[in-house]
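We name chains A, B, ... by the order of the sequence lines, and we start the count at 1 in each one. Side chains included, hydrogens not; waters and symmetry mates left out as well; all remaining heavy atoms used.
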Protein chains: 2
Amino acid sequence: MSTNHRNGTPAYQRIQNAIRHRIESSHLKPGDSVPSERELAKVHKVSLMTARHALVGLEREGLVERRRGAGTFVATPKIQFNKLMSYTEHMSSRGLTPNSRVLVSRIIAGEPEVAARLGLPPNSALVKIERLRLTGEEPFALEACHLPAGEFSEVVNAPLGRASLFATLQYEYGVELAYADEEVDATAADGRVAELLGVAQGYPVLRIRQVIYSTKGKATIYVVGLYRSENHRLLIRRFR
Amino acid sequence: MSTNHRNGTPAYQRIQNAIRHRIESSHLKPGDSVPSERELAKVHKVSLMTARHALVGLEREGLVERRRGAGTFVATPKIQFNKLMSYTEHMSSRGLTPNSRVLVSRIIAGEPEVAARLGLPPNSALVKIERLRLTGEEPFALEACHLPAGEFSEVVNAPLGRASLFATLQYEYGVELAYADEEVDATAADGRVAELLGVAQGYPVLRIRQVIYSTKGKATIYVVGLYRSENHRLLIRRFR
DNA sequence: AAGTGGTCTAGACCACGGC
DNA sequence: CCGTGGTCTAGACCACTTC
């Protein structure tokens, strides 16, 4: 498997990255056909199954559509489905500049419910980071992240105005995030939330509570997000 | 591929069904280990890749967890993630009896926005089916389904009090549903909705708008659902 | 050390789509 | 008809976890 040893990245991921890059740089536009499994296999010198693995992954992300007998095509860009992305990644993938204001960044304790979500004892110390997310000057979301203070106490000092929390975890702590379980419901904005988001009290907002797991399967971040739903839509693709 | 010809079902799906059945019938409980790829390959007389395909699928459904080096285990049953299910399937998978009241079941026209979602001309005739979903006597959701009247005009006469719409489409029309794109936001209950759902006017409800596609890739159903969010939570698993 | 999942090969046949 | 994706084989090596 010589090609796999060039670097640590599996071949199917290198193929995915190559295609992603061609889409992001607009060399491939929505509706364009993506090279077939057989063609990718030839070009990248891998077997059919490997080329196939790459395309199946991109389809589940919603980046491409595959039609039996016809081919694989760049999907119309509804936003990435079912893909765990940081706010920073999310914004820049849409050509927007991320902008947020850190409201809270300190160590807290005595939040048994949050601790439980992370699989910790009730009185565990936690890092809490609360940020107001903006598009330009307009606020659209309020996000509170919680992490175990035991491991991650130093993130309170990280430059979160600039760098993404995901990136900090990866580069400073070597923690890779793998997936998130999310719980979505609707709730009414209370006084403080209403003021921060610039809506009336009692106004409906979308609430997303997520537990983010590392590649080791360990609950690492608990996030509660409140979103003005005129601005922010949650898009999902579910399969049967 | 003799085993594949016994019936039309692919081998990996037969393996999935076998495992699903053992989980649903409680022969396998959360935390129990599921047979390894190699064991499944032996037992079902398929290759490793096929056994693997089966387990990977079950993992993405959230039914099992896989840990490298350790094995595959039955997941704690948070509810099926990212799986397109009918209300009927959803309820019965949790041991509950589906209960709903059909409010509207007729052919309409002049809904250009809905028609557009289904990829139809603005004034197309549509089948509209509106149902109030109940748990016992308590309403928790209001769902309006729309289908192209050209193909599906007869579903207005289907016994939707009993049979699921998904099942009707499959058995009466031979249409298999494949995936859905959903758009989720929060909105305020207006007068009629508030009354039907038994909440105050202006109360926040979860709105899910979904376009359901057939295996042919054709937009087939457009559903707008409004959910009382204390009762109904949307659970998602997203991967990085 | 034994067993597990993750990646990969070099082919194969089938069903389907578009020409 | 040819090219496409969907399924499948019978192996292989690696990295990892558990013992």
Side-chain angles (χ1 to χ4, degrees), chain A residues 1-17 19 31-60 64-75 176 178-179 214-218 239-240, chain B residues 1-17 19 32-60 64-75 174 176 178-179 214-218 239-240:
Chain A
M1 226 161 305
S2 55
T3 54
N4 188 12
H5 282 301
R6 261 191 223 143
N7 55 51
T9 313
Y12 77 93
Q13 287 181 20
R14 283 188 287 109
I15 298 174
Q16 290 177 336
N17 289 336
I19 296 173
D32 286 2
S33 85
V34 170
S36 71
E37 299 177 355
R38 287 159 179 84
E39 206 168 322
L40 287 173
K42 262 183 223 158
V43 171
H44 289 88
K45 293 180 181 157
V46 296
S47 81
L48 257 183
M49 285 298 289
T50 301
R52 177 177 178 69
H53 190 171
L55 291 180
V56 166
L58 292 177
E59 179 179 39
R60 289 207 91 93
V64 303
E65 277 181 37
R66 316 189 74 208
R67 287 200 294 278
R68 164 191 290 222
T72 300
F73 306 87
V74 178
E176 283 273 9
Y179 66 94
S214 71
T215 45
K216 305 293 180 194
K218 191 165 169 292
F239 295 86
R240 186 149 172 80
Chain B
M1 229 160 303
S2 56
T3 53
N4 188 13
H5 283 301
R6 259 189 224 146
N7 55 50
T9 313
Y12 77 93
Q13 288 181 18
R14 283 187 287 109
I15 298 174
Q16 289 177 336
N17 289 336
I19 295 173
D32 287 1
S33 85
V34 170
S36 70
E37 299 178 356
R38 287 160 180 83
E39 207 168 323
L40 287 173
K42 262 183 224 158
V43 171
H44 289 88
K45 294 179 180 157
V46 296
S47 80
L48 257 183
M49 284 299 289
T50 302
R52 177 178 177 68
H53 190 170
L55 291 181
V56 166
L58 291 176
E59 180 180 37
R60 287 207 92 91
V64 303
E65 277 181 37
R66 317 189 75 209
R67 288 201 294 279
R68 161 189 291 219
T72 300
F73 306 87
V74 178
E176 284 273 7
Y179 67 94
S214 72
T215 45
K216 306 291 180 196
K218 190 164 168 292
F239 295 85
R240 186 145 171 82

Rounded distance (Å) that lies between atom [atom2] of [N] and atom [atom1] of [X]:
| X | N | atom1 | atom2 | result |
| --- | --- | --- | --- | --- |
| A:Glu65 | D:dT4 | CD | P | 18 Å |
| A:His44 | C:dC8 | NE2 | C1' | 15 Å |
| B:Met49 | C:dT7 | CE | P | 10 Å |
| B:Leu40 | D:dT9 | CG | P | 13 Å |
| A:Lys45 | C:dA10 | NZ | P | 12 Å |

task = Please state whether the phosphate of D:dC8, meaning OP1 or OP2, lies under 4.0 angstrom from any side-chain nitrogen or oxygen of B:Tyr12.
result = no
ask   = Is the distance from OP1 or OP2 of D:dT9 to the nearest side-chain N or O of B:Thr50 less than 4.0 Å?
value = yes
request  = With sequence neighbours left out, write down each residue that passes salt bridge (Lys or Arg N to Asp or Glu O under 4.0 Å) with B:Arg67, or none if nothing qualifies.
outcome  = B:Glu65
query = Taking only residues two or more places apart in sequence or in another chain, which ones pass salt bridge (Lys or Arg N to Asp or Glu O under 4.0 Å) with A:Lys218?
reply = A:Glu151
query = Rounded to the nearest 0.5 Å, what separation is found between the CG atom of A:Leu40 and the CD1 atom of A:Ile15?
reply =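 Here the interatomic distance stands at 6.0 Å.
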task = Would you please classify the geometry between the B:Tyr12 ring and the B:His53 ring as parallel, tilted or perpendicular, with 30° and 60° separating the classes?
result =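 Plane angle under 30°, so parallel.
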query = Has the side chain of A:Glu59 got a donor or acceptor atom that lies under 3.5 Å from a matching backbone atom of A:Val64?
reply = no
Minimum-distance nucleotide (side-chain atoms of A:Gln13 versus D:dC8, D:dT7, C:dT7) =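 It is C:dT7.
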query = Between B:His53 and B:Leu48, which is nearer to the 5' end of DNA chain D once each is assigned its nearest nucleotide?
reply =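 Counting from the 5' end, the first nearest nucleotide belongs to B:His53.
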task = Report the C-alpha distance between B:Val34 and B:Arg66 in whole Å, list the side-chain angles of each, state the deciding distance to 0.1 Å, and finish with yes or no for side-chain contact (heavy atoms from CB on, under 4.5 Å).
result = CA-CA 9 Å; B:Val34 170; B:Arg66 317 189 75 209; over 6 Å; no
Output one line per pair: protein atom, nucleotide atom from nucleotides 3-5 of chain C, and distance, for all N/O pairs under 3.5 Å.
residue : atom : partner : partner atom : Å
C:dG3   : N2   : B:Gly69 : O            : 2.8
C:dT4   : O2   : B:Gly69 : N            : 3.4
C:dG5   : OP1  : B:Thr72 : N            : 3.3
C:dG5   : OP1  : B:Thr72 : OG1          : 2.7
C:dG5   : OP2  : B:Glu37 : N            : 3.0
C:dG5   : N7   : B:Arg38 : NH1          : 2.9
C:dG5   : O6   : B:Arg38 : NH2          : 2.9

